[in-house]
Amino acid sequence: MTYSALSHLECPRCGARHDADLVQGTCPCGSPLLARYDPGQVAVSPRDIAGRPPDLWRYHELLPVRTPGRVVSLGEGMTPLIALPRLGRALGVPNLLMKDEGLIPTGTFKARGAAVGVSRAGELGVSAVAMPTNGNAGAAWSVYAARAGLRSLVVMPAAAPAITRAECAAAGAELYLVDGLIGDAGKLVAAAVARRRGYQDTSTLREPYRIEGKKTMGLEIAEQLGWRLPGVIVYPTGGGVGIIGIYKALRELLELGWVSGDLPRLVAVQAAGCAPIVRAFEAGATASEPWPDAKTVAFGIMVPNALGDFLILEALYATGGTAVSVTDDALLADQRAVARLEGSFICPEGAACVTAVRQLRKSGWLAETDEVVVLNTGTGLIYPDTVPAAAPVLPPSGSIPPDPRRADDARLGEWPRSPSSRARPPRSTGPG
Ligand SMILES: Cc1ncc(COP(=O)(O)O)c(C=O)c1O
Ligand SMILES: [Zn+2]
């Protein structure tokens, strides 16, 4: 039985075919390369997959690692797809679901790309991976490299979340900070890799396999819905690997006949302070212009100039999707709203998707009947400073004042605490 049905790499821009069993970067034309599989070699059915372990390697025929023994895993994948009924009702989209990537090793979906990218790099004989990052990817690639016995070189903006720096350091990465943005980090990495033997530049879309890990989010959404596709998928877009990967996954499932019907409308969400894809989409363009003076608290989506811009835009146009920008104030308010209404402390990037749903419902682009999946790409724990948490300090001899939250509860539209309460649950007035 063939473990991986990988056949070759293909350039989505010029159509050139490349050998998948050599270490490859981008196509000579400058485009990222995409892995292609031979459907005839996929000797598994959705029913067989249901019996496999609950991690992303359950889709190994559609992943690039050829030898089971080369798989480097920390148990990543099969994150929950949970209903958000109270938030959904408040937003006027009752069929709202969240794919929660906060529950994955390293706390972000970056673990998926790292698991597959590192496994394949090791299989192809690479001895060190090198990458610029906004923090989360660096943390994920550092720990997977450590588990694989590979070295890692990571460069991130000095302003990236501190915890990701700690994770890289703990895992033994060679770590540098740059007083600039991710593009500046990328230039430093490219120059270093050119001088070092055995190092591969694993920057976003500069190697072909990170996206294969991320596409498993799309495979899982389809499987978790019973091999059915939702109406809309909303994704916080930086370099765009996730949204391109989900689009690729869903097309592969259609080709295999595991799902049918229309693809979900894909929505790329960006921060108002860095929205090159939104600007390009609104202009009907097929490529984006670099965004000057990028700034947002949603650090992971602060990518002023994405290498895969044309692929992101193609996914939006081809599915009848759209692109939306949201302000930091609005996404931070929604980060708290999700925690209060649904009990999930999500990352600012995930919160941006919730704000996008709010806006798209208001504009009428989303209907009340739409089934909408938002991607929460990571846990809020990585960004502790995004939520003010002032609390009174009491002396040991002090006392706790009478219940101060009654008024607050009413404002939030919370359910009565006591099941014996005779009061009707108040209708939600929407998160504040
Ligand atoms: C938490 C989080 N969400 C979203 C993104 C954007 O990722 P993509 O490259 O898939 O657009 C990142 C990238 O750093 C991230 O860390
Ligand atoms: Zn090409």
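Order of listing sets the numbers, starting from 1, for every ligand and every atom in it. Both backbone and side-chain heavy atoms feed into the values below; hydrogens, waters and symmetry mates do not. Remember, it's a predicted structure, so these values are computed and weren't measured experimentally.
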Chemist: Indicate, as side chain, backbone, both or neither, the part of Phe109 found under 4.0 angstrom from ligand 1 when only non-hydrogen atoms are considered.
Modeler: side chain

Chemist: Does any N/O atom on Ile301 come nearer than 3.5 Å to any N/O atom on ligand 1?
Modeler: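 Not met; the criterion fails.
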
Chemist: Let's go through Thr377 and Glu349 carefully: what are the C-alpha distance in whole Å and the side-chain angles of both, what is the deciding distance for side chain to side chain donor-acceptor pair (under 3.5 Å) to 0.1 Å, and is it a yes or a no?
Modeler: CA-CA 7 Å; Thr377 41; Glu349 295 84 351; 4.9 Å; no

Chemist: Yes or no: does Ala137 have any heavy atom under 4.0 Å from an atom of ligand 1?
Modeler: no

Chemist: Ligand 1 and Gly238, any nitrogen or oxygen pair closer than 3.5 angstrom?
Modeler: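 Yes, Gly238 has an N/O under 3.5 Å of an N/O on ligand 1.
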
Chemist: Compare Ile277, Ile211, Thr377 and give the one whose heavy atom is closest to atom 2 (C) of ligand 1.
Modeler: Thr377

Chemist: Considering only heavy atoms of Gly242, which atoms of ligand 1 have at least one such atom less than 4.0 Å away?
Modeler: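 Those atoms are 10 (O).
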
Chemist: With a 3.5 Å cut-off and no angle check, do the side chains of Thr296 and Asp328 form a donor-acceptor pair?
Modeler: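 Thr296 vs Asp328: donor-acceptor pair found between side chains.
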
Chemist: Using distance alone, with no hydrogens and no angle criterion, decide if Gln270 and Thr237 have a side-chain donor and acceptor under 3.5 Å apart.
Modeler: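 No - no donor-acceptor pair under 3.5 Å links their side chains.
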
Chemist: Which atoms of ligand 1 have any heavy atom of Thr237 under 4.0 Å away?
Modeler: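 In order of numbering, the contacting atoms are 11 (O).
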
Chemist: Under a 3.5 Å threshold, yes or no: a donor from one side chain and an acceptor from the other, between Tyr383 and Gln335?
Modeler: no

Chemist: Mark up the atoms of ligand 1 that fall under 4.0 Å of a heavy atom belonging to Pro236, in ascending order.
Modeler: 4 (C), 6 (C), 11 (O)

Chemist: Hey, mind stepping through Val374 and Val269 against side chain to side chain contact (heavy atoms under 4.5 Å, CB included) and telling me if it holds?
Modeler: CA-CA 10 Å; Val374 292; Val269 183; over 6 Å; no

Chemist: For ligand 1, which atoms have a heavy atom of Glu349 less than 4.0 angstrom away?
Modeler: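 Ligand 1 atoms under the 4.0 Å threshold to Glu349: 1 (C), 2 (C), 3 (N).
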
Chemist: Please identify which atoms of ligand 1 are closer than 4.0 Å to at least one heavy atom of Lys214.
Modeler: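 Close to Lys214: 9 (O), 10 (O).
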
Chemist: Taking only Lys NZ, Arg NE, NH1 and NH2, and the carboxylate oxygens of Asp or Glu, determine whether Glu282 and Arg279 approach each other closer than 4.0 Å.
Modeler: no

Chemist: Which class fits the ring pair Tyr59 and Trp227: parallel under 30°, tilted 30 to 60°, perpendicular over 60°?
Modeler: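 Geometry flag for Trp227 against Tyr59: perpendicular rings.
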
Chemist: Specify side chain, backbone, both or neither for Val241, according to which of its non-hydrogen atoms lie closer than 4.0 Å to ligand 1.
Modeler: both

Chemist: Name the one of Lys214, Arg58, Arg112 that satisfies salt bridge (Lys or Arg N to Asp or Glu O under 4.0 Å) with Glu220?
Modeler: Arg112

Chemist: Which atoms of ligand 1 are found less than 4.0 Å from any heavy atom of Asn136?
Modeler: 1 (C), 15 (C), 16 (O)

Chemist: Have a look at the Zn ion (ligand 2) and estimate, to 10 degrees, the angle subtended by SG (Cys14) and SG (Cys11).
Modeler: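 Taking the Zn ion (ligand 2) as the apex, I get 110° for this pair.
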
Chemist: Can you tell me which residue and heavy atom of the protein come closest to atom 12 (C) of ligand 1, and the distance to 0.1 Å?
Modeler: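 Nearest neighbour among protein heavy atoms for atom 12 (C) of ligand 1, to 0.1 Å: Gly300 O, 3.4 Å.
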
Chemist: Numbering the atoms of ligand 1 from 1, which are under 4.0 Å from a heavy atom of Gly240?
Modeler: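 Contacts of ligand 1 toward Gly240, numbered from 1: 8 (P), 9 (O), 10 (O), 11 (O).
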
Chemist: With no hydrogens and no angle check, just 3.5 Å: does a side-chain donor-acceptor pair link Ser288 and Asp309?
Modeler: yes

Chemist: Do the ring planes of His60 and Tyr3 sit parallel (below 30°), tilted (30 to 60°) or perpendicular (above 60°)?
Modeler: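 Correct class here is parallel.
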
Chemist: To the nearest 0.5 Å, how far apart are OG1 in Thr216 and CD1 in Ile246?
Modeler: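 Interatomic distance, Thr216 OG1 to Ile246 CD1, rounded to 0.5 Å: 9.0 Å.
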
Chemist: Report yes if Lys110 has an N/O atom closer than 3.5 Å to an N/O atom of ligand 1; otherwise report no.
Modeler: yes

Chemist: Output the list of atoms in ligand 1 that are nearer than 4.0 Å to some heavy atom of Tyr235, sorted by atom number.
Modeler: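 Atoms satisfying the 4.0 Å criterion: 7 (O), 8 (P), 10 (O), 11 (O).
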
Chemist: Is there a heavy atom of Glu101 sitting under 4.0 angstrom from any atom of ligand 1?
Modeler: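 Checking ligand 1 against Glu101, which is what was asked, there is no heavy-atom contact under 4.0 Å.
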
